[in-house]
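Note sheet for the following structure.
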Amino acid sequence: MGEELKLLFSKKEIAQTVARLAREISADYANKRLVLVGVLKGAFVFLADLVRQLTIPVEIDFVRIASYGSEKESSGEIKVTKEVEISLKGRDVLIVEDIVDTGLSLRFLVDHIYARSPSSLKVCALLDKKPRREVEVQVDYIGFEIEEGFIVGYGLDFDERYRYLPEISVVS
Ligand code: IMP
Ligand code: MG
């Protein structure tokens with residue numbers, strides 16, 4: 001307890017960004033049958049808002065991965081704790097992530113989903129901390145690019161707290 005939160009993106013800025021991403025995705029996947037794979041738990045709020053702004057029909061599933069390490073750092077030792085249940089073979093798949101930091105989680109997930117033979121695979125992340133990248137991984141749709149700092153709210157947690165907050169803040 002006792003951290004201070006500093007507002008980074010307001011509800012209005014988030015809504016505008018989610019609407020922009022939804023327009024891009026809807027245009028790119030017009031006439032496709034897209035499967036969105038949300039990464040639990042952090043992406044649950046973003047995914048819920050995103051799908052309601054899309055103008056194309058989609059199917060929705062979730063995957064959950066756990067990485068071992070301290071609360072603020074992932075160690076790179078990753079495992080799937082909840083599998084995707086929809087068959088992804090031959091499908092157009094879009095991974096929906098809350099935030100890409102070192103890239104280790106996303107690198108793992110992309111490999112994991114590629115192994116299921118989708119016909120295409122792209123990534124949408126609400127937040128991208130590009131300067132922190134340790135492994136190369138392509139993010140096709142990016143909501144906000146940020147420098148660093150630990151982000152909470154709008155699905156993102158610090159030790160399971162603050163996920164419910166409607167805006168995005170930095171923990172100081
Ligand atoms: P990466 O493997 O280092 O890219 O970390 C990705 C995962 O770590 C994200 O999906 C988040 O669950 C978590 N994470 C990384 N940075 C933050 C942050 O600033 N706030 C909350 N969670 C974060
Ligand atoms: Mg997390």
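Everything numeric here is computed off the predicted structure, so don't read it as measured data. Quick note: numbers below take in every heavy atom, side chains included, and nothing from hydrogens, waters or symmetry partners.
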In chain order, what residues pass the side chain to side chain donor-acceptor pair (under 3.5 Å) check against Ser26, with sequence neighbours excluded? Thr55
Please report the interatomic distance NE2(His112) to CG(Leu88), rounded to the nearest 0.5 Å. 8.5 Å
Between Ile99 and Ile151, what is the shortest heavy-atom contact and its length? CD1-CG1, 3.9 Å
Side chains of Asp28 and Tyr141: does their closest heavy-atom pair fall under 4.5 Å? yes
With rounding to the nearest 0.5 Å, note down the distance linking OG1 in Thr17 to CG in Leu50. 11.5 Å
Side-chain heavy atoms under 4.5 angstrom apart, residues restricted to Ile, Leu, Val, Met, Phe, Trp, Tyr: same cluster for Val18 and Val96? yes
With clusters defined by side-chain heavy atoms of hydrophobic residues (ILVMFWY) lying less than 4.5 Å apart, directly or transitively, does Val135 cluster with Leu121? yes
Ignoring hydrogens, what is the shortest heavy-atom contact between Gly90 and Ser119? Give both atom names and the distance. O-OG, 3.4 Å
Among pairs that include at least one residue of residues 4-35, which meet ring-ring contact (aromatic ring centres under 6.0 Å, His included), considering only residues two or more places apart or in two chains? Phe9-Phe144
Quick one: salt bridge (Lys or Arg N to Asp or Glu O under 4.0 Å) pairs with a partner in residues 34-51, sequence neighbours left out? Lys41-Glu160, Asp49-Arg52
Partner set under side-chain contact (heavy atoms from CB on, under 4.5 Å) for Glu148, not counting sequence neighbours: Arg132
I would like to know whether Leu126 and Tyr154 meet side chain to side chain contact (heavy atoms under 4.5 Å, CB included); could you show each step before the answer? CA-CA 10 Å; Leu126 179 66; Tyr154 199 70; 3.4 Å; yes
Which heavy atom of Ile65 sits nearest to which heavy atom of Ser105, and what is that distance? CD1-CB, 3.7 Å
Walk me through whether Asp128 and Ile146 qualify under side chain to side chain contact (heavy atoms under 4.5 Å, CB included). CA-CA 6 Å; Asp128 187 358; Ile146 56 176; over 6 Å; no
Please give me the minimum heavy-atom distance between Cys124 and Leu21, naming the atom from each residue. SG-CD1, 4.3 Å
What is the minimum heavy-atom distance between Pro118 and Val93, and which atoms define it? CB-CG2, 3.7 Å
Contacts of Glu4 that satisfy side-chain contact (heavy atoms from CB on, under 4.5 Å) - sequence neighbours left out: Ser172
Are any non-hydrogen side-chain atoms of Leu106 and Val123 less than 4.5 angstrom apart? yes
Check whether any side-chain heavy atom of Pro131 sits under 4.5 Å from a side-chain heavy atom of Glu147, and report yes or no. yes
Restricting to non-hydrogen atoms, name the atom on Val139 and the atom on Ala125 that form the minimum distance, rounded to 0.1 Å. CG1-CB, 3.8 Å
Short side-chain to backbone donor-acceptor contact, Glu13 and Ser10, under 3.5 Å: yes
Kindly state each residue pair satisfying salt bridge (Lys or Arg N to Asp or Glu O under 4.0 Å) with at least one member in residues 85-96, sequence neighbours excluded. Glu59-Arg91, Lys82-Glu85
Would the distance check show the side chain of Lys129 and the main-chain N or O of Gly149 forming a donor-acceptor pair, the cut-off being under 3.5 Å? yes
Considering residues at least two apart in sequence or located in another chain, which fulfil the salt bridge (Lys or Arg N to Asp or Glu O under 4.0 Å) criterion with Glu167? none
For the CD atom of Glu3 and the CG atom of Asp159, what is their distance to the nearest 0.5 Å? 8.5 Å
Determine which pairs satisfy salt bridge (Lys or Arg N to Asp or Glu O under 4.0 Å) with at least one residue from residues 14-23, sequence neighbours left out, and list them in order. Arg20-Glu24
Take Glu134 and Leu104, measure what side chain to side chain contact (heavy atoms under 4.5 Å, CB included) needs, and give me the verdict at the end. CA-CA 7 Å; Glu134 287 174 20; Leu104 289 165; 4.0 Å; yes
With side chain to side chain contact (heavy atoms under 4.5 Å, CB included) as the criterion, how do Asp98 and Leu127 come out once you've worked through the C-alpha distance, each side chain's angles and the decisive distance to 0.1 Å? CA-CA 6 Å; Asp98 54 355; Leu127 294 144; 5.9 Å; no
I need the full list of salt bridge (Lys or Arg N to Asp or Glu O under 4.0 Å) pairs touching residues 103-120, with sequence neighbours left out, sorted by first then second residue. Glu83-Arg116, Arg107-Asp111
Going hydrophobic residue to hydrophobic residue with side-chain gaps under 4.5 angstrom, can you get from Phe62 over to Ile78? no
Hydrophobic cluster identity match, Leu5 and Leu8, side-chain contacts under 4.5 Å: no
Non-neighbouring partners of Val58 that pass side-chain contact (heavy atoms from CB on, under 4.5 Å), sequence neighbours left out: Leu34, Leu36, Val51, Leu54, Ile56, Ile60
side-chain contact (heavy atoms from CB on, under 4.5 Å) against Val63, all qualifying residues, sequence neighbours excluded: Val37, Val39, Val80, Val84, Leu109
Check side chain to side chain donor-acceptor pair (under 3.5 Å) between Asp140 and all other residues, then give those that pass, not counting sequence neighbours. Gln138
Using the rule that two of Ile, Leu, Val, Met, Phe, Trp, Tyr join whenever any of their side-chain heavy atoms come within less than 4.5 Å, decide whether Ile168 and Tyr162 are in one cluster. no
